[in-house]
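Note that the numbering runs from 1 along the sequence shown for the chain. What's counted below: heavy atoms across the whole structure, side chains too, no hydrogens, waters or symmetry copies.
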Amino acid sequence: MAKPSSIVISYPRFRIRRAILRFLTGRALFTLAQFKVYGRENLPQSGPVIFAANHFHWADPALLLYASPRQLEFIAGRRSPSAPWSVKIFPKLWGIMPAFRGGYSRSTLTASISVLQQGGPVALFPEGGAWAATLRRPRAGVGFLALEARVPVIPVALNGVPKLFKSWRPEIT
């Protein structure tokens with residue numbers, strides 16, 4: 001097993017698989033909701049960046065990957081006990097950088113810094129999970145990564161996602 005300090009992820013990864021997943025996700029989003037993205041023109045087209053979004057619903061990662069014009073590397077919980085079974089397969093297909101709940105994941109942080117050093121974007125949900133209906137305090141990982149890699153953090157607000165599947169084509173921004 002590799003030491004955490006030697007973990008390197010080549011960016012970008014799984015281009016064809018991720019392009020297909022992104023396309024299918026986009027079609028589903030526009031079928032199930034009125035999905036609008038504001039500010040996409042302000043996002044950097046290249047270079048390392050961290051996307052930090054609020055997290056209230058298991059569909060948040062799909063929205064974030066479709067809203068971004070770039071292929072994102074996600075930091076996500078290794079397990080998602082509250083997600084529907086059909087959603088649990090998505091992280092495996094996409095290829096996430098797994099975070100192990102209950103502490104910090106040195107290997108995850110090292111892999112994320114590796115992606116950022118290669119000019120890739122990293123996406124994460126600083127709250128650490130989607131089990132609350134109110135915004136919670138962020139965990140320290142986003143700050144550590146931003147300082148360690150010396151990259152900007154792009155805050156992302158996902159609104160209306162909990163209405164998904166509860167009303168017909170809700171507006172999600």
With a 4.5 Å heavy-atom cut-off, do [X] and [Y] have their side chains touching?
{"X": "Ile113", "Y": "Phe144", "value": "yes"}
{"X": "Ser112", "Y": "Thr110", "value": "no"}
{"X": "Gln118", "Y": "Ser114", "value": "yes"}
{"X": "Leu93", "Y": "Leu21", "value": "yes"}
{"X": "Leu164", "Y": "Ile172", "value": "yes"}
{"X": "Met97", "Y": "Val122", "value": "yes"}
{"X": "Tyr11", "Y": "Arg13", "value": "no"}
{"X": "Arg40", "Y": "Leu43", "value": "yes"}

salt_bridge(Glu171, Lys163) N-O dist < 4.0 Å: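 Judged by the 4.0 Å cut-off on N to carboxylate O distance, Glu171 and Lys163 do not form a salt bridge.
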Spatial distance of atom [atom1] ([X]) from atom [atom2] ([Y]) [nearest 0.5 Å]:
{"X": "Arg18", "Y": "Gln71", "atom1": "CZ", "atom2": "CD", "answer": "4.5 Å"}
{"X": "Glu73", "Y": "Ile9", "atom1": "CD", "atom2": "CD1", "answer": "6.0 Å"}
{"X": "Asn159", "Y": "Asn54", "atom1": "CG", "atom2": "CG", "answer": "6.5 Å"}
{"X": "Thr173", "Y": "Leu63", "atom1": "OG1", "atom2": "CG", "answer": "10.0 Å"}

Asp60 vs His57, side chain to side chain contact (heavy atoms under 4.5 Å, CB included): CA-CA, chis, key distance, verdict: CA-CA 6 Å; Asp60 291 340; His57 195 272; 3.8 Å; yes
Arg17 NZ/CZ over Phe14 ring centroid, <6.0 Å and within 45° of normal: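 The answer is yes; both the distance and angle limits are met.
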Residue of the set Val115, Ile75, Val142 for which side-chain contact (heavy atoms from CB on, under 4.5 Å) holds with Ile50: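 Between Ile50 and the candidates, side-chain contact (heavy atoms from CB on, under 4.5 Å) is satisfied uniquely by Val142.
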Derivation of the side chain to side chain contact (heavy atoms under 4.5 Å, CB included) call for Leu145 and Glu148: CA-CA 5 Å; Leu145 286 174; Glu148 188 71 19; 5.8 Å; no
Co-membership, hydrophobic cluster, residues Leu29 and Trp168, 4.5 Å side-chain: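 Different clusters: Leu29 never reaches Trp168 through Ile, Leu, Val, Met, Phe, Trp or Tyr contacts under 4.5 Å.
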Same cluster (ILVMFWY, side-chain, under 4.5 Å), Ile89 and Phe23: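 Not linked; separate clusters.
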Which atom names give the shortest non-hydrogen contact between [X] and [Y], and what distance separates them?
{"X": "Arg70", "Y": "Gly47", "answer": "NH2-O, 2.7 Å"}
{"X": "Ala53", "Y": "Leu64", "answer": "CB-CD2, 4.2 Å"}
{"X": "Ala149", "Y": "Leu116", "answer": "CB-CD1, 3.8 Å"}

Parallel, tilted or perpendicular, as decided by the 30° and 60° cut-offs, for the rings of Phe35 and Tyr66: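 Because their plane-to-plane angle lies in the 30° to 60° range, the rings of Tyr66 and Phe35 count as tilted.
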Between Phe90 and Trp58, ring centroids under 6.0 Å: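 So the answer is no for these two rings.
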Stepwise side chain to side chain contact (heavy atoms under 4.5 Å, CB included) check, Leu72 with Phe51: CA-CA 9 Å; Leu72 300 174; Phe51 289 90; 3.6 Å; yes
Full working for side chain to side chain contact (heavy atoms under 4.5 Å, CB included) between Leu65 and Phe74: CA-CA 9 Å; Leu65 80 86; Phe74 279 95; 3.9 Å; yes
Under 3.5 Å: donor-acceptor pair, side chain of Thr108, backbone of Pro98: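 Looks like yes, one N/O pair under 3.5 Å.
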Polar side-chain atom of Gln34 near backbone of Pro170 as donor-acceptor pair, under 3.5 Å: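 Not confirmed, Gln34 side chain does not pair with Pro170 backbone.
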